[in-house]
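What follows is a short report on a single structure.
For the numbers below, each heavy atom of this structure counts, side chains included, while hydrogens, waters and symmetry mates do not.
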Amino acid sequence: MFRTQAQSRLLVPKLNRAQGKTLTRRFVIVLALLGGAGAFEVHGQQTTDVKKLQDRIDLLERQLKVSEKENEVLKREIEQLKTSQSKSDSAEPVVKSKSSLSDRLADGMTLTGTYFDPNQDKGEARMIITERDGKKIKGKYAATSSKTGEVYPGFSFEGEIVGNRMIAKSVGSANKRTMTMFLKGNSFEGTVYNSFYNINVRVGYILEN
């Protein structure tokens, strides 16, 4: 069957419109697919970013908890140090004991002790330190009998301290006397030799620290 040229011309636009609709549908489908793929890619990227952010938040929260615990430990240590410092401040100061005899015989000191002589007389022995100058020492000595209450004539003395020993001699007295004293712990003891009577009188004192 043969068509005329006019009929052929009428069929061409119809075929073009059908093909146009088909092409339009395909183009829309392609755009939809492309749009969906883009949206899926964007959504996937957003999910990854959110996970990373959540992990970072979790890490910071753990670090914060650790810091809070360390802060509590530091607070307790500070309170303990304050308590220890308060106790230390309120404690009585430690007084360094005087070890040498020279340190323990100060200028102006008065020592009260006892004496005992070979004649069975005993009583109070008093020594007054009147002057100190380095190793040099000056003072006065007097004794009172505990039996009779008699106060014996005293004498002034001058001497020197060497280590834990003091040797002194009477001055301005007819009866020459020599004192030889030693430090033994807190005990300051020795003899007073009277050359006139040729006797040694034992003398002893207790020194404070």
Side-chain angles (χ1 to χ4, degrees), residues 38-116 122-144 146 154 156-168 179-192 201-209:
F40 178 78
E41 183 177 356
V42 171
H43 178 71
Q45 182 66 34
Q46 290 178 346
T47 302
T48 302
D49 293 341
V50 169
K51 187 176 184 305
K52 289 181 179 180
L53 181 59
Q54 185 61 47
D55 291 342
R56 180 62 177 169
I57 291 172
D58 293 340
L59 177 60
L60 291 175
E61 288 179 347
R62 289 195 297 270
Q63 291 177 345
L64 179 60
K65 290 180 180 179
V66 172
S67 298
E68 290 175 347
K69 290 182 179 179
E70 292 177 348
N71 190 36
E72 290 298 324
V73 172
L74 288 175
K75 285 182 179 180
R76 288 195 295 269
E77 290 179 352
I78 290 172
E79 290 300 324
Q80 291 174 356
L81 288 174
K82 287 182 178 179
T83 302
S84 299
Q85 182 65 34
S86 177
K87 291 181 179 179
S88 176
D89 292 341
S90 60
E92 294 183 0
V94 177
V95 179
K96 184 180 178 181
S97 62
K98 299 176 181 179
S99 56
S100 69
L101 178 59
S102 182
D103 290 337
R104 301 175 78 168
L105 293 181
D107 186 9
M109 176 181 288
T110 298
L111 303 177
T112 302
T114 58
Y115 77 88
F116 181 83
K122 62 182 179 180
E124 180 185 87
R126 182 180 295 268
M127 182 186 298
I128 302 173
I129 310 301
T130 59
E131 185 178 336
R132 285 296 315 276
D133 183 11
K135 294 181 179 181
K136 303 295 183 181
I137 184 170
K138 294 182 180 181
K140 294 180 180 180
Y141 173 86
T144 302
S146 60
S156 298
F157 65 84
E158 295 181 2
E160 186 176 20
I161 296 173
V162 179
N164 286 331
R165 182 182 66 176
M166 182 191 82
I167 298 178
M179 302 179 68
T180 305
M181 306 290 293
F182 297 90
L183 178 64
K184 299 178 181 179
N186 288 333
S187 178
F188 183 47
E189 59 189 49
T191 60
V192 177
V201 178
R202 288 161 47 195
V203 182
Y205 304 92
I206 299 299
L207 301 180
E208 297 180 355
N209 289 329

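- Not a single side chain to side chain contact (heavy atoms under 4.5 Å, CB included) links Q80 to another residue, sequence neighbours left out.
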Quick one: side chains of residues 109-116, donor-acceptor pairs under 3.5 Å with protein atoms, not counting sequence neighbours, listed by atom name and distance.
residue, atom, partner, partner atom, Å
Y115, OH, D121, OD2, 3.1

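- In this structure, R126 has no side-chain hydrogen bond (donor to acceptor under 3.5 Å, both in side chains) partners at least two apart in sequence or on a different chain.
- Among the candidates N164, I206, L101, the single residue satisfying the side chain to side chain contact (heavy atoms under 4.5 Å, CB included) test with F188 is L101.
- Partners of E131 according to the side chain to side chain contact (heavy atoms under 4.5 Å, CB included) rule, which considers only residues two or more places apart in sequence or in another chain, are K138.
- Side-chain atoms of I161 and R132, non-hydrogen and from C-beta on, do get closer than 4.5 Å to each other.
- Under the rule for a side chain to side chain contact (heavy atoms under 4.5 Å, CB included), the partners of K51 that lie at least two apart in sequence or sit in another chain are D55.
- With contacts defined as side-chain heavy-atom distances shorter than 4.5 Å, the pair M166/S102 does not qualify.
- In this structure, the side chains of M127 and M179 come closer than 4.5 Å at one or more pairs of heavy atoms.
- Taking the side-chain hydrogen bond (donor to acceptor under 3.5 Å, both in side chains) definition, one finds that D58 meets it with Q54, sequence neighbours left out.
- The closest side-chain heavy-atom distance from E158 to I137 is not below 4.5 Å.
- By the side chain to side chain contact (heavy atoms under 4.5 Å, CB included) test, E79 is found to be paired with K82, residues two or more places apart in sequence or in another chain being considered.
- Atom CG of L207 and atom CG of L105 lie 6.0 Å apart (nearest 0.5 Å).
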Working for side chain to side chain contact (heavy atoms under 4.5 Å, CB included), residues R62 and K65: CA-CA 5 Å; R62 289 195 297 270; K65 290 180 180 179; 5.8 Å; no
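- For T191, the side-chain hydrogen bond (donor to acceptor under 3.5 Å, both in side chains) criterion is met by no residue, not counting sequence neighbours.
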Pair N71-E68, side chain to side chain contact (heavy atoms under 4.5 Å, CB included): steps then yes or no: CA-CA 5 Å; N71 190 36; E68 290 175 347; 5.5 Å; no
Chi angles and distances behind the side chain to side chain contact (heavy atoms under 4.5 Å, CB included) call for I57, L53: CA-CA 6 Å; I57 291 172; L53 181 59; 4.2 Å; yes
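- The shortest heavy-atom contact between V203 and V192 is CG2-CG2, 3.6 Å.
- Applying the side-chain hydrogen bond (donor to acceptor under 3.5 Å, both in side chains) test to E189 and every residue at least two apart in sequence or in another chain returns S187.
- What you find for G185 and R104 is that their closest heavy atoms are O-NH1, 3.1 Å.
- Between the side chain of R165 and the backbone N or O of T180, no donor-acceptor pair lies under 3.5 Å.
- A search for ring-ring contact (aromatic ring centres under 6.0 Å, His included) contacts involving Y141 returns F155, not counting sequence neighbours.
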